[in-house]
Amino acid sequence: MRKILIKNIKGLVGVLEENTAALRGDELNQINILENAFLAIEDGKISFYGPMDELAGIADWTDLEIIDAEGKFVLPAFCDSHTHTVFAASRENEFEDRIKGLTYEEIGKKGGGILNSAAKLANMSEDQLFEDALARLELMQSYGTGAVEIKSGYGLSTAAEIKILRVIKRLKAASPLTIKATFLGAHAFPTEFKENQEGYVDLIINEMLPIIVKENLADYIDVFCERNYFSPDQLDRILTAGLAAGLKPKIHVNQFSVLGGIGIGVKHQAVSVDHLEEMDENDIAILKEANTIATALPSCSFFLGIPYAPVRKMLDNNIPIALATDFNPGSTPSGNMQFVNSLACIQMKLTPTEAVNATTINGAYAMEIANELGSITIGKKANIIITKPMPSLAYMAYTFGDNVAEQTLIF
Ligand code: NIG
Ligand code: FE
């Protein structure tokens with residue numbers, strides 16, 4: 001049995017005796033930090049922690065790997081609950097088009113965007129997609145990520161959607177990170193279904209979903225509900241079929257317009273509703289009463305130059321919020337959760353404490369893994385970040401663009 005002792009920790013962040021529910025409102029701004037602490041790990045699980053002067057309480061010192069964390073912080077690894085990590089190619093040509101004045105929506109309408117990514121993915125082998133995604137996961141881990149949700153959605157045909165989901169299944173087995181898979185066949189209408197949208201919805205429901213269920217390829221179902229993409233009625237139909245197939249919703253809503261997708265998601269017991277750059281009072285009222293987690297994606301707003309989700313207002317209304325990267329080649333070419341922490345503070349006016357909670361424990365709730373990850377709790381997986389020496393926890397969000405993670409331990 002592998003035993004590790006981390007000693008002299010300047011601040012052990014995110015200590016939680018036991019989980020109850022995702023943090024809401026004022027709870028987000030509280031985090032337990034044990035100063036001058038130790039943390040013991042046995043067989044990949046947190047077995048013990050406490051102040052350094054109680055270290056003598058460790059019974060068995062044989063075969064113990066010791067890490068000295070003098071001046072360093074230890075925190076739960078980030079849980080990135082919204083990504084599109086499996087894709088074929090980058091899209092910096094569209095980035096240049098946007099610099100010259102085109103909007104993201106205009107590029108999409110011209111057949112760029114998601115359709116551009118789908119055309120490239122159709123020609124790439126499953127093995128190559130797997131290798132590339134695995135390398136991206138390694139990079140994300142180096143920035144402190146310990147769990148990742150990954151969506152399909154750049155296939156848009158039965159064969160290609162299944163190809164992506166099989167890649168995610170292989171990633172689950174090959175990567176040390178904890179991974180959840182989401183089926184996002186309803187990401188855009190493929191060109192051949194432009195005049196027959198219902199035909200594509202039928203294909204998702206009647207052809208793709210049965211294979212996904214049979215091969216156990218997904219944990220969740222997602223739909224991009226937006227003008228020029230999937231309508232609220234189509235969202236409703238797809239979520240109904242998904243739930244019948246055992247897939248709970250985690251959905252893309254309110255990125256550019258308010259169409260009522262949040263209410264439909266909550267009606268279908270969505271685990272999370274994500275994006276939320278555009279929100280009206282009715283959306284806030286619905287989320288206030290729900291257990292659905294509102295997931296904001298500040299790096300997407302940063303990269304596209306669109307509004308940031310009104311997270312401060314959601315917190316004032318006691319809504320549970322999480323923050324994720326949205327890592328994808330079109331709207332967010334970054335899987336860096338430390339940058340998400342910085343943007344949340346700088347642009348959304350979250351405190352550094354709120355940002356850490358929203359990227360750790362609440363991220364874990366947004367992918368239903370809070371019983372095993374997201375906090376420093378005895379019995380949980382010891383997926384943790386050991387930082388470089390730093391003066392305070394707030395320094396992590398403050399020093400934007402830097403990587404303060406010295407190592408991310410993953411079990
Ligand atoms: O979450 N908005 C929908 N889907 C992705 C971006 C897709 C793309 O541009 O490739 C998102 O931002
Ligand atoms: Fe997304």
Side-chain angles (χ1 to χ4, degrees), residues 80-98 102-122 129 133 136 148-156 160-161 164 168 180-190 220-231 234-235 238 249-257 259 261 265 270-278 293-309 322-335 337 340 343 363 366-367:
D80 190 349
S81 62
H82 180 139
T83 86
H84 310 246
T85 304
V86 179
F87 56 86
S90 56
R91 303 214 307 255
E92 60 274 19
N93 51 333
E94 294 177 8
F95 171 59
E96 290 197 48
D97 287 344
R98 284 196 299 103
L102 279 182
T103 67
Y104 177 78
E105 284 187 279
E106 285 163 352
I107 291 168
K109 266 196 200 160
K110 287 194 343 183
I114 296 165
L115 295 184
N116 176 357
S117 281
K120 289 184 176 139
L121 188 135
L129 284 168
R136 288 179 199 123
V148 185
E149 180 259 18
I150 308 177
K151 300 169 191 301
S152 67
Y154 291 126
L156 310 182
E161 283 295 312
I164 302 172
I168 303 174
K180 291 279 188 176
T182 300
F183 169 49
L184 175 56
H187 199 189
F189 289 101
Y220 301 107
I221 189 153
D222 192 351
V223 174
F224 184 22
C225 179
E226 189 54 67
R227 59 184 177 217
N228 302 320
Y229 293 86
F230 291 78
S231 70
Q234 291 163 340
L235 171 70
I238 295 167
K250 276 173 72 65
I251 57 175
H252 283 74
V253 281
N254 293 46
Q255 184 175 3
F256 300 108
S257 56
L259 299 178
V271 173
S272 69
V273 289
D274 304 22
H275 270 290
L276 315 179
E277 289 86 345
E278 302 293 336
I293 295 178
T295 300
L297 310 165
S299 306
C300 173
S301 296
F302 172 77
F303 188 71
L304 294 185
I306 62 174
Y308 287 80
L323 296 165
T325 61
D326 197 17
F327 188 18
N328 75 77
S331 73
T332 319
S334 162
M337 285 289 268
V340 167
L343 281 179
M367 48 199 295

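In each ligand, atom 1 is the first atom listed, and ligand 1 is the first ligand listed. Only a predicted model underlies this, so the values are computations on that prediction, with no experimental measurement involved. These values consider heavy atoms only, across backbone and side chains, with no hydrogens, waters or symmetry-generated copies.
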### Task
Test side-chain contact (heavy atoms from CB on, under 4.5 Å) on Cys225 and Ile251 and set out the steps.
CA-CA 8 Å; Cys225 179; Ile251 57 175; over 6 Å; no
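For the Fe ion (ligand 2), the nearby protein N/O/S atoms, meaning those under 2.8 Å, are His82 NE2, His84 NE2, His252 NE2, Asp326 OD1.
Partner Tyr229 forms a ring-ring contact (aromatic ring centres under 6.0 Å, His included) with one of Phe189, Phe224, Phe256 and no other, that one being Phe224.
Between the side chain of Thr182 and the backbone N or O of Ile221 there is no donor-acceptor pair closer than 3.5 Å. Glu277 contributes no side-chain N or O that, together with a main-chain N or O of Pro307, makes up a donor-acceptor pair within less than 3.5 Å. Asn254 places a side-chain N or O within 3.5 Å of a backbone atom of Glu278 that can act as its donor or acceptor partner.
At a 4.0 Å heavy-atom cut-off, the residues surrounding ligand 1 are His82, His84, Arg91, Tyr104, Ile114, Tyr154, His187, Phe224, His252, Gln255, His275, Asp326, Asn328, Gly330, Ser331, listed by chain and number.
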Under 3.5 Å donor-acceptor pairs involving side-chain atoms of residues 326-335, not counting sequence neighbours:
residue	atom	partner	partner atom	Å
Asp326	OD1	His82	NE2	2.9
Asp326	OD1	His84	NE2	3.0
Asp326	OD2	Ser331	OG	3.4
Asn328	OD1	Gly330	N	2.7
Asn328	OD1	Ser331	N	2.7
Asn328	ND2	Asp326	O	2.7
Asn328	ND2	Ser331	OG	2.8
Ser334	OG	Asn336	N	3.2

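In the model, Glu105 has no side-chain atom that pairs as donor or acceptor with a side-chain atom of Thr103 under 3.5 Å.
Within a 6.0 Å sphere centred on CZ of Phe302, heavy atoms belonging to other residues, nucleotides or ligands number 12 at most.
Listed by chain and residue number, Arg91 satisfy the salt bridge (Lys or Arg N to Asp or Glu O under 4.0 Å) test with Glu94 (two or more places apart in sequence, or in another chain).
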